[in-house]
Engineer: 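Here it is: the structure, laid out below.
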There are 2 protein chains.
Amino acid sequence: MAEHETQWDFVGTRVRQARADAGMTVRELARRIGVSASHVSQVERGIGAFSVPALYAVARELDVSMHALLDPPDPSSSRDGRPGSAVVDLVEAGIVQRASEHPSIMLGSGPRWSRLTAGGEENAEFLEVVYAPRTARPDVDIRHEGREYGIVITGELTVEVDGATTTLGAGDSIVFDSTRPHRFWNSSDGEVRAIWFVRDTLPGEAAPHA
Amino acid sequence: MAEHETQWDFVGTRVRQARADAGMTVRELARRIGVSASHVSQVERGIGAFSVPALYAVARELDVSMHALLDPPDPSSSRDGRPGSAVVDLVEAGIVQRASEHPSIMLGSGPRWSRLTAGGEENAEFLEVVYAPRTARPDVDIRHEGREYGIVITGELTVEVDGATTTLGAGDSIVFDSTRPHRFWNSSDGEVRAIWFVRDTLPGEAAPHA
DNA sequence: ACGCAATGTACCGTGCCGCTTAACACTTGG
DNA sequence: CCAAGTGTTAAGCGGCACGGTACATTGCGT
């Protein structure tokens, strides 16, 4: 390796932190990832290091990402990168959108859509949808490219995907390819609020190289 | 390591793929990550492996995430098939997840994460996160690949992105590139519920390595 | 007070593998 | 043809990723 590389001793600190958060002992973690307890201890104290498989097992068992363990700690000084990219106000920067300022689209008697992003995202839509009470089942179903993720916040939403129907209560979530015919409506007496994320299909996403 | 460990030879294939996509030669990549060209060749052909620092350097230079290189290849291949496979039960089909069955991960005093999708999505995470009242500001920030979308359902969540801080109330949403350092915590007295969608960087988006 | 179980740690190895240098075979172009 | 690039192979060194064991400490229960 080159000589200007980073010190990787903080990895041990991260592992120890994550292990403590998970309420796991050194031996327990060691058993789960298939190494000895002493080795875990050595790594956590910075006098040793995990191999790639071992570290990956750690990330899996402690349910943290590789980057959470490996990404260098906050330089704390002004980040490199484009000068002037220093964000001072998250709202002005278009990162945070206040609830009162979500542009909403009212479609007649249909649901009210609110876009939760500032600008138009390239390949995705992040939406809050409010379905008024007692709306009828739409007589047309929807099919488009992409993949759809939704969760019902309040109320009861009736969903029909591929001809199958069920009712989603508060907290229930749904994920499916948007190419399947689907329609949603609110047959209950209460208003329904839901969060939707619609992602376009990625260009090169057929099969991960044979 | 345990005896039931995975074959890690696919990592080499992924590296080769990513390197080819970046239009980089073996020697060039070797020079950038600070190892010999022959070693890169050996790793790519499965007769060798990178150390953690080396692999991390590879991910940085080729602008891919650790998980893109290390996550085991598509075990959930039972992808919802062509429209025509008549779905009878949306829950059994893995399309609908009931609120009571969301696998949740409690990280000590940290927030509670609930995965809203059935299987592991390939390039995305759809999550509900509950932050307990009066949690301290995390002492490490997060940086990873991808783009992040969030909306606060109830409570008040303090967010810090790129060093700028603000508080999100119910209905407020936030969108930003996950490569920016960020951390969230709940300094209020009430519980905070939020919905997060984390999308990996699209493979078509190349890196501007000059 | 005593054990005793469980925690994390120190010490002492050793075999493996991460990595190197050197040379190889092959393609391209001038 | 040679020169300069590509990826590949072979042989070997040395560090470190790991295991085993013993230890100091805390916190039980009796």
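Throughout, protein chains are lettered first and strands after them, A, B, ... in sequence-line order, and every chain is numbered starting at 1.
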Engineer: Round to the nearest Å and state the distance from B:Q17 atom CD to D:dG7 atom P.
Structural biologist: 15 Å

Engineer: Can you check whether B:L55 reaches B:L70 side chain to side chain, under 4.5 Å on heavy atoms?
Structural biologist: yes

Engineer: Give a yes/no answer on whether the side chain of A:S38 brings an N or O atom under 4.0 Å of OP1 or OP2 in C:dT9.
Structural biologist: no

Engineer: Would you mind reading off the distance between B:F50 atom CZ and D:dA17 atom P, rounded to a whole angstrom?
Structural biologist: 16 Å

Engineer: Atom NE2 of A:H39 and atom P of C:dC16: how far apart are they, to the nearest Å?
Structural biologist: 16 Å

Engineer: Is any N or O donor-acceptor pair between the side chain of B:S36 and the base of C:dT21 shorter than 3.5 Å?
Structural biologist: no

Engineer: Give a yes/no answer on whether the side chain of B:S41 brings an N or O atom under 4.0 Å of OP1 or OP2 in D:dG7.
Structural biologist: no

Engineer: Between A:R19 and A:M24, is there a donor-acceptor pair closer than 3.5 Å when you use the side chain of the first and the backbone of the second?
Structural biologist: yes

Engineer: Can you tell me which nucleotide in D:dA10, C:dG8, D:dC18 comes closest to the side chain of B:Q42?
Structural biologist: D:dA10

Engineer: Using atom CD of A:E44 as one end and atom P of D:dC18 as the other, report the distance to the nearest whole Å.
Structural biologist: 14 Å

Engineer: Can you check whether B:M66's main-chain N or O pairs, donor with acceptor, with A:H67's side chain at less than 3.5 Å?
Structural biologist: yes

Engineer: Would you mind reading off the distance between B:I47 atom CD1 and C:dG18 atom P, rounded to a whole angstrom?
Structural biologist: 12 Å

Engineer: Determine the interplanar angle of the A:W196 and A:F184 rings, folded into 0 to 90°, and report it as parallel if under 30°, tilted if 30 to 60°, perpendicular if over 60°.
Structural biologist: parallel

Engineer: Side-chain N or O of A:R19 versus OP1/OP2 of C:dT7: is the shortest distance under 4.0 Å?
Structural biologist: no

Engineer: Rounded to whole Å, how long is the line connecting atom CG of A:L29 with atom P of C:dT7?
Structural biologist: 12 Å

Engineer: So, OP1 or OP2 of D:dT6: does either fall under 4.0 Å of a side-chain N or O from B:T25?
Structural biologist: yes

Engineer: Quick check on side chain to side chain contact (heavy atoms under 4.5 Å, CB included): which of A:I153, A:I151, A:T154 does B:I153 satisfy it with?
Structural biologist: A:I153

Engineer: Does A:S51 put a side-chain nitrogen or oxygen below 4.0 Å from OP1 or OP2 of C:dC17?
Structural biologist: no

Engineer: Output the rounded distance in Å from CG (A:D9) to P (D:dC16).
Structural biologist: 14 Å

Engineer: Between A:L55 (CG) and D:dC16 (C1'), how many Å, whole number?
Structural biologist: 15 Å

Engineer: Looking at D:dG7, does its base get a donor-acceptor pair with the side chain of B:R27 below 3.5 Å?
Structural biologist: yes

